[in-house]
Peer 1: 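I have a structure I would like to understand better, so I am pasting it below and will then ask my questions one at a time.
Worth knowing before you read on, the calculation uses all heavy atoms, side chains too, and leaves out hydrogens, waters and symmetry mates. If you read the sequence from its start, that first residue is 1, and numbering goes on from there.
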Amino acid sequence: MIAHGVVHHQRLRPALHRFTHRVFFLMLPMRTLAAEPELLCIPRNRRGLVSFHDRDHGDGGPDCQAWLLSLLHDHGITDADGEIWLQTFPRVLGYVFNPVSFWYCHRADGTLCAILAEVNNTFGERHCYLLTPASQDGARGTLAWGQELRASKVFHVSPFCAVAGTYRFRFLRRGRVAPQGHGELELERMVARIDHDDAQGPLVLTSISGVLRPLTAASARAALIAHPFMTVGVMAGIHWHAFKLWRKRVPFFSKPARPRSEVTR
């Protein structure tokens, strides 16, 4: 699947700063593609105008799904035997920077048992937040779309935010049924929200959303035409907005040591 959508970002304190950027992203059924790789109509692990590379995720190895399953197993999650959907930016013209990708891990019965938020910073570091029902209430169960999930912030992302406080995650996947009598496909809208709270309350509100459509050679080509420099623009935008925050005299925090553990629950 491919989605055209927007990234929203709003900082509330000590100076108001907000922006919206149009983007497109992929939703890839990784288990299905492992069994039937020919279903992916864009290049995988090879050059292309729009492409997907396993080494852009996880430990940088040739099979990012194997890395994910190993990570889940190490954290006692052994029932993610259904589809695994990866929400991510592709490489565009050979380049990508993914501030965050999401792995939606399902059981064979279709229920959602875990979500992994894979976060990258501009220093080449990566950290994962593993969200499960057990991390919320101590009981094994099923994640619900729209449920609020929390994790302590332990990883340096922006020099204008201290490594402190809490992330609040919400994921929504909503369908729009076509009018009766029409043969159109049902459209689904994905929304991923990450809000950062510090000791004073909400500090930064962020979301990425888009409407899902089938990923085809034509839809990938249309996305490239609409956003030919999207992934370069992600990195350029990070530095441009950092400059704006500096101009607004938002306090600067030096980069701390990276977390000892690869994963936070």
Side-chain angles (χ1 to χ4, degrees), residues 1-3 5 7-8 23 25-34 52 54 56-59 64-90 98-121 126-155 157 165-175 188-197 204-210 212 259 261-265:
M1 305 292 284
I2 189 169
V7 171
H8 291 287
V23 297
F25 58 86
L26 304 180
M27 280 283 290
L28 300 178
M30 299 302 289
R31 268 219 162 89
T32 296
L33 293 178
F52 172 77
D54 284 73
D56 295 333
H57 298 277
D59 57 5
C64 59
Q65 180 180 269
W67 162 82
L68 173 74
L69 293 175
S70 177
L71 182 151
L72 295 177
H73 186 271
D74 289 346
H75 287 269
I77 301 172
T78 58
D79 56 346
D81 50 359
E83 189 60 88
I84 296 172
W85 288 91
L86 172 59
Q87 178 181 343
T88 189
F89 289 149
N98 266 298
V100 60
S101 299
F102 301 106
W103 298 79
Y104 302 95
C105 307
H106 294 78
R107 301 185 181 97
D109 64 3
T111 57
L112 191 59
C113 65
I115 299 173
L116 187 77
E118 184 184 3
V119 182
N120 294 283
N121 64 22
R126 179 175 294 149
H127 189 75
C128 297
Y129 294 92
L130 180 57
L131 309 171
T132 65
S135 66
Q136 310 309 310
D137 55 19
R140 197 172 185 84
T142 297
L143 293 179
W145 294 105
Q147 177 182 357
E148 183 174 274
L149 306 167
R150 292 175 176 257
S152 297
K153 180 179 178 179
V154 300
F155 182 59
V157 176
T166 303
Y167 284 130
R168 291 182 289 113
F169 297 85
R170 286 188 70 201
F171 303 92
L172 299 99
R173 189 168 182 172
R174 296 171 176 167
E188 287 188 292
R189 180 176 178 81
M190 286 290 306
V191 181
R193 292 186 55 179
I194 307 178
D195 299 333
H196 177 206
D197 298 348
V204 178
L205 312 178
T206 308
S207 69
I208 179 170
S209 61
L212 297 173
S261 173
E262 176 191 11
V263 179
T264 295
R265 296 189 70 173

Peer 1: Nearest 0.5 Å, what's the SG-CD1 distance between Cys113 and Ile84?
Peer 2: 8.0 Å

Peer 1: Can you find a heavy atom in the side chain of Thr264 that is under 4.5 Å from one in the side chain of Phe155?
Peer 2: no

Peer 1: Of the non-hydrogen atoms in Cys105 and Leu112, which two are nearest, and what is the gap between them?
Peer 2: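 Between these two residues, the closest heavy atoms are O-CD1, 3.4 Å.
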
Peer 1: Yes or no on side-chain contact (heavy atoms from CB on, under 4.5 Å) for Tyr129 and Leu149, after CA distance, side-chain angles and deciding distance?
Peer 2: CA-CA 11 Å; Tyr129 294 92; Leu149 306 167; over 6 Å; no

Peer 1: With Asp195, which of Arg168, Arg170, Lys153 fulfils salt bridge (charged side-chain N to carboxylate O under 4.0 Å, His left out)?
Peer 2: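 Output: one option passes, namely Arg168.
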
Peer 1: Would you say that Leu86 contacts Phe52 through its side chain, given a criterion of any heavy-atom pair below 4.5 Å between the two side chains?
Peer 2: yes

Peer 1: For Phe89 versus Pro99, what's the shortest heavy-atom pair and its separation?
Peer 2: CE1-CD, 4.2 Å

Peer 1: So, taking the atom named NE2 in His75 and the one named SG in Cys128, what distance separates them when rounded to the nearest 0.5 Å?
Peer 2: 8.5 Å

Peer 1: Hey, could you give me the CG/CZ distance between Leu131 and Arg265, rounded to the nearest 0.5 Å?
Peer 2: 9.5 Å

Peer 1: At their closest point, which heavy atom of Leu212 faces which heavy atom of Met190, and how far apart are they?
Peer 2: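 Closest approach of Leu212 to Met190, heavy atoms only: CD1-CG, 3.5 Å.
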
Peer 1: Which pair of non-hydrogen atoms, one from Val154 and one from Pro259, has the smallest distance, and what is that distance?
Peer 2: O-CG, 3.2 Å

Peer 1: Would the distance check show the side chain of Arg126 and the main-chain N or O of Glu118 forming a donor-acceptor pair, the cut-off being under 3.5 Å?
Peer 2: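 No; judged by distance alone, with no hydrogens or angles, the pair does not exist.
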
Peer 1: Determine, step by step, whether Ile115 and Phe169 satisfy the side-chain contact (heavy atoms from CB on, under 4.5 Å) criterion, reporting the C-alpha distance in whole Å, the side-chain angles of both residues, the deciding distance to 0.1 Å, and the verdict.
Peer 2: CA-CA 10 Å; Ile115 299 173; Phe169 297 85; over 6 Å; no

Peer 1: Could you grab the distance from atom NE2 of His196 to atom CG of Leu205, nearest 0.5 Å is fine?
Peer 2: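 Going from NE2 on His196 over to CG on Leu205, the span is 11.0 Å.
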
Peer 1: Would Ile208 and Ile194 satisfy side-chain contact (heavy atoms from CB on, under 4.5 Å), going step by step from the backbone distance to the final call?
Peer 2: CA-CA 9 Å; Ile208 179 170; Ile194 307 178; over 6 Å; no

Peer 1: Is there a side-chain contact between Met30 and Leu68 in this structure, where contact means two heavy atoms from C-beta onward sitting under 4.5 Å apart?
Peer 2: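 SC-SC contact between Met30 and Leu68 ruled out.
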
Peer 1: Are side-chain heavy atoms of Leu130 and Ile77 found at a separation under 4.5 Å?
Peer 2: yes

Peer 1: What do the steps show when you test Tyr104 against His106 for ring pair (Phe, Tyr, Trp, His ring centres under 6.0 Å), and what is the final call?
Peer 2: CA-CA 7 Å; Tyr104 302 95; His106 294 78; 7.4 Å; no

Peer 1: State whether the side chain of Gln65 and the backbone N or O of Arg31 hold a donor-acceptor pair below 3.5 Å, judged by distance alone.
Peer 2: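 Yes; judged by distance alone, with no hydrogens or angles, the pair exists.
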
Peer 1: Atom OG1 of Thr111 and atom CG of Asp79: how far apart are they, to the nearest 0.5 Å?
Peer 2: 7.5 Å

Peer 1: Please walk me through it: do Arg107 and Thr142 pass side-chain contact (heavy atoms from CB on, under 4.5 Å)?
Peer 2: CA-CA 9 Å; Arg107 301 185 181 97; Thr142 297; 3.1 Å; yes

Peer 1: Taking all non-hydrogen atoms of both residues, which atom of Ala192 and which atom of Phe102 are closest, and how far apart?
Peer 2: CB-CE1, 3.6 Å

Peer 1: Please find the pair of heavy atoms, one from Cys64 and one from His57, that lie closest to each other, and give the distance.
Peer 2: CB-CB, 3.9 Å

Peer 1: What is the distance from atom CD of Glu262 to atom NE2 of His127, rounded to the nearest 0.5 Å?
Peer 2: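 Going from the CD atom of Glu262 to the NE2 atom of His127 covers 8.5 Å.
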
